[in-house]
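To start, the structure itself, in C-alpha cells.
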Amino acid sequence: MSEDYCTMRDATKPPRADGPPYAECVLCREPTEYPESYKGITLCPECEWQEAQRTACSG
C-alpha cells in the first residue's frame, strides 16, 4: 500500500480557555476560544475553518 497523497501535518493546537479573557484571532482580531495567556498563533473558529479549507489537499 502506498503512502497517502495528502498527509496530515502534526499541528499543535492551544488549549481551550475556560472563560475570558480570550486571545484575539491573528487574522481578524475577533475573540478566539483560546486563553489570552497562550503564546503563539491563535485563530477564531471561522478563520481556523477557512485556513483548513485553504490548506486542504485538493488531490
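Model, not experiment: these values are computed from the prediction.
Atom-to-atom distance recorded for Tyr22:OH and Cys44:SG is 14.0 Å, nearest 0.5 angstrom. Rounding to the nearest 0.5 Å places CD of Glu48 at 12.0 Å from CD1 of Ile41.
Closest approach of Ala23 to Thr42, counting heavy atoms only: CB-OG1, 3.8 Å. The heavy-atom pair separating Thr32 from Cys25 by the smallest distance is CG2-N, 3.5 Å.
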Original post:
Step by step, would you call Glu51 with Arg54 a side chain to side chain contact (heavy atoms under 4.5 Å, CB included)?
Top reply: CA-CA 5 Å; Glu51 183 69 12; Arg54 188 181 70 77; 2.7 Å; yes
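Counted within 6.0 Å of CD on Glu46, heavy atoms from surrounding residues, nucleotides or ligands total 12 or fewer; the atom is thus considered open.
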